[in-house]
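All figures in this text were calculated on a predicted structure; none of them were measured in a lab.
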Amino acid sequence: MKVTREKSEENRQTVIETAARMFRESGYDGVGVSPLMQAAGLTHGGFYKQFKSKDDLIAQATKAALDQTAARLAAIGDPSDATRLEAIIRRYLSEAHRDAPGQGCALAALGADAARHGPELRGVMEDAVKAHLHLLETSDPQAGNDGARGRAVAALATMVGALMLSRAVED
């Protein structure tokens with residue numbers, strides 16, 4: 001049965017979204033192509049019609065996951081509000097975020113895994129880090145002052161590290 005271009009694109013997006021969730025939950029190596037395609041409601045054979053390789057999907061799914069997080073964080077508060085940075089940090093470090101890795105930040109869920117992958121994925125991660133830093137820096141009540149960039153770097157590193165550690169322990 002022939003699939004329309006629209007349906008093919010819809011299927012591709014379903015695979016990317018499913019992979020973004022599954023990778024954040026289980027890591028890149030914890031998700032095989034067959035179980036992924038089954039979770040997306042598609043056959044294994046369709047995978048290579050949509051993606052060059054698993055690494056290609058990893059990069060696309062990670063970008064989608066990181067874009068989701070960036071959009072959610074950017075929607076928090078009014079950019080001119082002096083308490084915006086605090087609100088972003090509170091939301092990022094919430095129990096709800098900690099308890100839903102499949103819907104959460106891919107920097108915390110996949111950062112260590114990404115370091116062992118190729119330049120395409122590391123480039124995706126680098127772009128996301130820069131975007132997150134920009135958001136934190138411009139949300140800083142002292143934005144534009146000396147040290148705003150350093151405070152943004154410290155905040156992001158602390159947020160990602162705290163989330164990773166909170167998921168790694170029982171209490």
Considering non-hydrogen atoms only, spot the tightest contact between [X] and [Y] and give its length.
X	Y	value
Ala74	Leu135	N-CD2, 3.9 Å
Ala61	Ala20	O-CB, 3.5 Å
Leu136	Ala152	CD1-O, 3.8 Å
His97	Tyr92	ND1-O, 2.6 Å
Arg84	Leu73	NH2-O, 4.1 Å
Phe47	Ser53	CZ-O, 3.7 Å

Query - Arg21 and Glu17 ion-paired at < 4.0 Å - result: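 No.
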
Report, as yes or no, whether the 6.0 Å neighbourhood of atom [atom1] on [X] holds more than 12 heavy atoms from other residues, nucleotides or ligands.
X	atom1	result
Arg12	CZ	yes
Asp78	CG	yes
Arg90	CZ	no
Gln38	CD	no

Evaluate the side-chain proximity of [Y] to [X]: yes if any heavy-atom separation is below 4.5 Å, no if none is.
X	Y	value
Ile16	Phe51	yes
Arg98	Arg167	yes
Leu66	Val124	yes
Met37	Thr18	no
Asn11	Val15	no
Leu110	Met125	yes
Leu163	Met159	no
Arg122	Glu126	no

**Report entry** Donor-acceptor side-chain pairing of Tyr28 and Thr62 below 3.5 angstrom
**Finding:**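 Present: a donor and an acceptor within the cut-off.
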
To the nearest 0.5 angstrom, please state how far the [atom1] atom of [X] sits from the [atom2] atom of [Y].
X	Y	atom1	atom2	value
Cys105	His132	SG	NE2	4.5 Å
Arg24	Gln103	CZ	CD	5.5 Å
Ile89	Ser94	CD1	OG	13.0 Å
Asp81	Ile76	CG	CD1	12.0 Å
Gln50	Leu42	CD	CG	8.0 Å
Leu121	Asp113	CG	CG	9.0 Å

Report task. Start with the C-alpha gap between Arg91 and Ile88, add the side-chain angles, then the distance that decides, and say whether side chain to side chain contact (heavy atoms under 4.5 Å, CB included) holds. Result -> CA-CA 5 Å; Arg91 179 86 51 89; Ile88 290 169; over 6 Å; no

Requested in this report: Let me see the working for Leu36 and Leu57 under side chain to side chain contact (heavy atoms under 4.5 Å, CB included), right down to the final yes or no.
Outcome: CA-CA 11 Å; Leu36 167 65; Leu57 173 61; 3.2 Å; yes

Query raised in the report: Looking only at atom types and distance, does a side-chain atom of Thr138 sit under 3.5 Å from a main-chain N or O of His134, one as donor and one as acceptor?
Result: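 Yes.
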
Requested in this report: Step by step, work out the side chain to side chain contact (heavy atoms under 4.5 Å, CB included) result for Glu6 and Glu10.
Outcome: CA-CA 6 Å; Glu6 293 80 18; Glu10 180 183 317; over 6 Å; no

Query raised in the report: How are the rings of His44 and Tyr48 set to each other: parallel, tilted or perpendicular (split at 30° and 60°)?
Result: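 The rings of His44 and Tyr48 stand perpendicular, inter-plane angle above 60°.
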
